[in-house]
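Letters A, B, ... mirror the listed sequences (proteins, then strands); counts begin at 1.
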2 protein chains.
Amino acid sequence: MTDDAPPLDAEQLGAYFALMEVSSLVQHAVEQQLRASGDLSWVQFSILARLADTPGGSARMTDLADGVVYSRSGLTYQAGLLDKAGLITRRPSSDDERSTTVTITDEGRAKVAAVLPGHVDVVRQMLLDPLSRRDLNTLGAVLTRVRDHLRAAPPRSAKPRTRGGAG
Amino acid sequence: MTDDAPPLDAEQLGAYFALMEVSSLVQHAVEQQLRASGDLSWVQFSILARLADTPGGSARMTDLADGVVYSRSGLTYQAGLLDKAGLITRRPSSDDERSTTVTITDEGRAKVAAVLPGHVDVVRQMLLDPLSRRDLNTLGAVLTRVRDHLRAAPPRSAKPRTRGGAG
DNA sequence: GTGCCATGCTTCGAATTCGGAGTAATTTAG
DNA sequence: CTAAATTACTCCGAATTCGAAGCATGGCAC
């Protein structure tokens, strides 16, 4: 077991709880707005936005799943919904037959364009408004560093693909 | 409608995305750890932790729901699970008969104590390690300001309690 | 005291999520 | 080239989540 796990002090706890609460609140509000303005969930919007931001408007399922923190099966489900709604198309990748290439449709782009202003509004109102430009830069810098750290050393997804060599 | 919603610039987008991704990653990892070490979900842990931190170890459902960003029905469900597991007890409040007072049991406290070290470990490893003390303070301060702002002007939970006479 | 609305919680049905099993295709080893 | 391992995705069942409706209690007006 853990021999010594010194508790977190007030500052650490405060930062942790504030992070979780703020992100929860923001995500909840964004989800409501997205649902009301375009019948989209947060995940669906994330998928569409990511596709819209990609040069060809296409990506493989895996790339999508990596970008969005999401299970593969959940992504399949949502992609099915999006497909049925005509916002994306799916077809086997030409390069790898086992891979599915997802492409955003014009209707999908229109949907993103339609909900984006409201989305931005909510984010601005909830997250950006109370922050000075300086605070914003700092927040971005700090969180980016954390994210890079997480990507470099994921505690759960660490899949040493060559289990034998270096440990 | 939104007449003009100027898009977010790179810094704003970066901060927003980084916030959502980091919190998602951290929550996911914490959830895995909690599940593995004590068969608890994040919400269940939040409930227990909040109760354990309360003087009498008790709280009303409403207070719990306010603290955790959660629907009432979801809280009822989780409280039922926690009750069945013997980690909390529920009984009608002596003050308000319609209110349910939730109290953490000794077993509940033991559970919290059991999973806390691992929980702290994960948080430290994922969030705290890559941050300097200075960064941590800044992060906490900035996020706290955002949270206060959100609590002061909730865009969705705004519940004008005097509905204007009409019913 | 009686009637009416607000509040607190639970139940219900529908939708979403996850992990694991299953299928198909690519890569690697010999 | 053939067999085994790996990778990519989908299907399935179980668990969790939410919003709306329902039930009971409390506060208030009269």
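D/dA24 atom C1' lies 15 Å from atom CE of B/M61, rounded to whole Å. As rounded to whole Å, 13 Å separates atom P of D/dT17 from atom CD of A/E31. Straight-line distance from the NZ atom of A/K84 to the C1' atom of C/dA15: 12 Å, rounded to whole Å. Regarding B/L81, its CG atom lies at a distance of 13 Å from the C1' atom of D/dA14, rounded to whole Å. Put simply, CZ on A/R98 is 6 Å from C1' on D/dA8, counting in whole angstrom units. One can place CD of A/Q27 at 13 Å from C1' of D/dT17, the figure rounded to the nearest angstrom. Taking atom CD of A/E97 as the reference point, atom P of C/dT27 lies 12 Å away to the nearest angstrom. With rounding to whole Å, A/L75 atom CG is found 15 Å from C/dG19 atom C1'.
In the set D/dT10, D/dA8, C/dG8, D/dA8 carries the atom at the smallest distance from any side-chain atom of A/T62. Out of C/dC9, D/dT10, C/dT16, the shortest distance to the side chain of B/T76 is found at C/dC9. Nearest to the side chain of B/H28, among C/dC18, C/dT11, C/dT16, sits C/dC18. Checking C/dT7, D/dG19, D/dT6 against the side-chain heavy atoms of A/Q32 singles out D/dG19 as nearest. Of the candidate nucleotides D/dT10, C/dT16, C/dG8, C/dT16 has the atom nearest to the side chain of A/Q78. Of the candidate nucleotides C/dT26, D/dC18, D/dT17, D/dC18 has the atom nearest to the side chain of B/S71. Distances from the side chain of A/S73 to the nucleotides C/dT17, C/dG19, D/dT25 place C/dG19 closest. For B/T100, the listed nucleotide lying nearest its side chain is C/dC9; candidates were C/dT17, C/dC9, D/dT6. For B/Y77, taking side-chain heavy atoms from C-beta onward, the closest of the listed nucleotides C/dA6, D/dT10, D/dT16 is D/dT16. The A/D96 side chain lies nearest to C/dT26 when the options are D/dG19, C/dT26, D/dT16.
Ion pairing between a basic and an acidic side chain is recognised when a charged N comes within 4.0 Å of a carboxylate O; A/D66 and A/R50 show no such pairing.
With hydrogens and angles ignored, the 3.5 Å screen pairs no side-chain donor or acceptor of B/S58 with any backbone N or O of B/T101. Using a distance-only test at 3.5 Å, with no hydrogens or angles considered, a donor-acceptor pair links the side chain of A/T105 to the main chain of A/L87.
Heavy-atom contacts from other residues, nucleotides or ligands closer than 6.0 Å to CG of B/D106 number 12 or fewer.
Using a 4.0 Å heavy-atom criterion, one finds that A/Y70 contacts the sugar-phosphate atoms exclusively. At the heavy-atom level, B/L64 lies nowhere under 4.0 Å from the strands shown.
Each of A/G74 and A/D95 was assigned the nucleotide of DNA chain C with the nearest heavy atom; the assignment lying further toward the 5' end belongs to A/G74.
Under the 30°/60° scheme for interplanar angles, the aromatic rings of B/W42 and B/H119 are found to lie parallel.
Close to C/dT10, at under 4.0 Å from its OP1 or OP2, lies a side-chain N or O of B/R90.
In this structure, A/Q12 and A/D9 have side chains that are in contact, with non-hydrogen atoms separated by less than 4.5 Å.
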